[in-house]
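Order of the sequence lines fixes the chain letters, A, B, ..., with proteins taken first and strands second; residue numbering starts at 1 for each chain.
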Amino acid sequence: GLSPNTESLHLIVFYTTGSGKTTQVPQYLYEAGVGRQGIIAVTQPRRVAAISLAARVSEEKTTKLGSLVGYTVRFEDITCNETKIKFLTDGMLLREAIGDPLLRRYSVAVLDEAHERTVHTDVLFGVVKAAQRKRRELNKAPLKVIIMSATMDVDLFSEYFNRAPVLYLEGRQHPIQIFYTKSSQSDYLHAALVSIFQIHQEAPASHDILVFLTGQEEIEAMSRTCREISKQLPSDSAAMWVIPLYASLPHLQQLRVFQAAHKGCRKVILSTNIAETSITIPGIKYVVDSGMVKAKRYNPESGLEVLAVQRISKAQAWQRAGRAGREDRGLCYRLYTEEEFEKLLDMTVPEIQRCNLASVVLQLLALRVPNILTFDFMSKPSPGAVRAAVEQLHLLGAVERQDNQIHLTLLGKKMSAFPLEPRLSKTILLSQDFHCTEEILTIVSLLSVDSVLYSPPAKREEVQAARTKYTSSEGDHITLLNIYRAFKNVSGHKEWCRENFVNSRNMNMVSEVRHQLRNICGKLGMRFESSRSDTGNIRRCLAHSMFLTTAELQLDGTYVTLDSRQLVAIHPSSVLFHCKPACVLYNELVHTSRRYMRDLCLVDPEWLYEAAPEYFRRKLKGGKG
DNA sequence: GAGCACTGC
């Protein structure tokens, strides 16, 4: 078993599912007395996992949750002075590290689900490694580090952690039979449909099927097709209950996947990769794997993030297959050939190599990492991506260069206090100068969560009629502000949300985020002023902080971005869609059939000059200069 | 004249 008294400071634990390691490992450590010198931290990529694991371990120790065993996630801290085993999200431990890079309160850091390689986990690898070294140098109590991973890239992990010893835990995974297609499939949707109905004809109705597809639209279309076909089957065939599953689905509808089907009826779940890790559905006998996933890619040269359908990795394929063998032996139909499988990447490219690094770099600087460019990442992001991030932070005034070193400015230090993208933190800090902090807090909160508006295509006219009351000719930011105010005026009433096609779950999230951001402002000693009906100030403030994402109207009626002169268009969801404003800022670019600007605000080009004179002398043609 | 994988501070 485990020997937590080992002299070695690192341990890598590899496991297969069903080994119960996440609940057991912290308890072994505690019983071995590791908790006497400090708290045992156990990180998870997801909130729900941190919360439910804390509850389970607390129950196993027959203690009250929040005493010996507790958890800390955003908006919630269920710990006390006696807490010795603390579950937290990896992002939360990273936040704590900014205040204390040596992680002094902790005797052990257990980083769980390391194979998922989230940005936060990857940064934490470097943070705990550095904390460990510094504690040794300063002759402080050692920090033990345990990495737990479900995949077999032993070498990468062990090499990074100075050839740490590796422990294997065998789980109770049931065998899974894998089937490949004989020939390559050009249409995975058609192949999925054929597979579903083939299984449906042959297997007992009690055998549930889980199908991995790529996105909401595809899943909804496939659900309709399956329902139609199943109705036309001969009367002696079993009925079919088709359940779509994706993250933006209302919570109650997501819960349907846990209900048992009626006797003689087959459950077919059509899911995105949410069912790979986030939602574990019991009783799955068959997995149908399209081999595809929708995932983000980042191009540092253009600064563009693109969401694209692409092939999964071998690790993902095994993860998907594993969803069939949780209670009994299972079967997995891969809608691709064995040769195609062999050509897949072994591991999914870590997120840190596929995203904009502005937040990460700001966080590392706040952690007082001496040199960003030589930071000890397990998988280094490209130098181009790091440079692009530093450049972006430089333009925002968050960093300055001195003797070839990069330092955080006072502004940058304040920015790092907010759990936001740097440009949004900057907006909040600037709002003081424009006397509109209350309004900007609302707008930033709205921009930092998933869309609060939903627009069912079938009810287009109703949606538009409901929206006009709140629509501002100044753009989406002010429109969203109006909607938030209306939401608050009716105290977040559910009926009002339904009538106005507002997602109340996301809107409540906005309230929580706003509350948190406002507290941080208070700690920074900011004043809370309201611009009331003066929206000009608000837009001026946005122009001063988001000048990097702006576009101007050209003579031919199209738009080009001011930073890299890319051709862009106004997204049809914008209130400015029918308008042709001369100059706008936008919150994000989405690359689909075209490059669309989403969430726009009308601005005066002169404000952009004021915000960054040198920058725009080079960039802006046409206007004054 | 369109469309949104998934997390998280």
* When you check the phosphate oxygens OP1 and OP2 of B/dT7, does a side-chain N or O of A/Thr118 lie under 4.0 Å from one of them? -> no
* Asked: In whole Å, what is the span from the CZ atom of A/Arg320 to the P atom of B/dC6?
  -> 12 Å
* To do: Pick base, sugar-phosphate or nothing for A/Arg598, based on heavy-atom distances below 4.0 Å to the nucleic acid.
  => base
* Return the nearest nucleotide to the side chain of A/Arg594; candidates are B/dC9, B/dA2, B/dC6. => B/dA2
* Asked: From the list B/dC6, B/dC4, B/dG1, which nucleotide is the closest neighbour of the side chain of A/Phe577?
  -> B/dG1
* Asked: Does the cation-pi check pass for A/Arg518 over A/Phe528, that is, NZ or CZ under 6.0 Å from the six-membered ring centre and within 45° of its axis?
  -> yes
* To do: State which residue, out of A/Glu76, A/Lys86, A/Arg47, fulfils the side-chain hydrogen bond (donor to acceptor under 3.5 Å, both in side chains) condition with A/Tyr71.
  => A/Glu76
* Asked: Do any side-chain nitrogens or oxygens of A/Ser573 fall under 4.0 Å of OP1 or OP2 in B/dG3?
  -> no
* Counting side-chain heavy atoms from CB outward, which of B/dA2, B/dC6, B/dC9 is closest to A/Pro419? -> B/dC9
* Asked: Checking all strands, does A/Ile274 fall into the base, sugar-phosphate, or nothing category for heavy-atom contacts under 4.0 angstrom?
  -> sugar-phosphate
* **Residue among A/Asn273, A/Thr272, A/Thr348 satisfying side-chain contact (heavy atoms from CB on, under 4.5 Å) with A/Val293** => A/Asn273
* Relative to A/Phe341, does A/Arg334 satisfy both conditions: NZ or CZ under 6.0 angstrom from the six-membered ring centre, and within 45 degrees of the ring's axis? -> yes
* **CG on A/Leu102 to CG on A/Asp100, rounded to 0.5 Å** => 6.0 Å
* Asked: In whole Å, what is the span from the CD atom of A/Gln44 to the P atom of B/dC9?
  -> 12 Å
* Asked: Between B/dA5, B/dG1, B/dC9, which nucleotide has the shortest distance from any of its atoms to the side chain of A/Lys294?
  -> B/dA5
* Starting at atom CD of A/Glu276, determine the distance to atom C1' of B/dT7, rounded to an integer number of angstrom. => 13 Å
* Please tell me which of A/Glu217 and A/Gln516 maps to the more 5' nucleotide of DNA chain B, matching each residue to the nucleotide holding its nearest heavy atom. => A/Glu217
* Give the nucleotide from the list B/dG1, B/dG8, B/dT7 with an atom nearest to the side chain of A/Ser278. => B/dT7
* To do: Just call it for A/Val309: base, sugar-phosphate, or nothing, with non-hydrogen atoms closer than 4.0 Å on any strand.
  => nothing
* A/Arg46 side-chain proximity, nearest of B/dT7, B/dA5, B/dG1 -> B/dT7
* Start at the 5' end of DNA chain B and walk down; is the nucleotide closest to A/Asn273 or to A/Phe418 reached first? -> A/Asn273
* Asked: In terms of side-chain heavy atoms of A/Pro572, which of B/dC9, B/dA2, B/dA5 is nearest?
  -> B/dA2
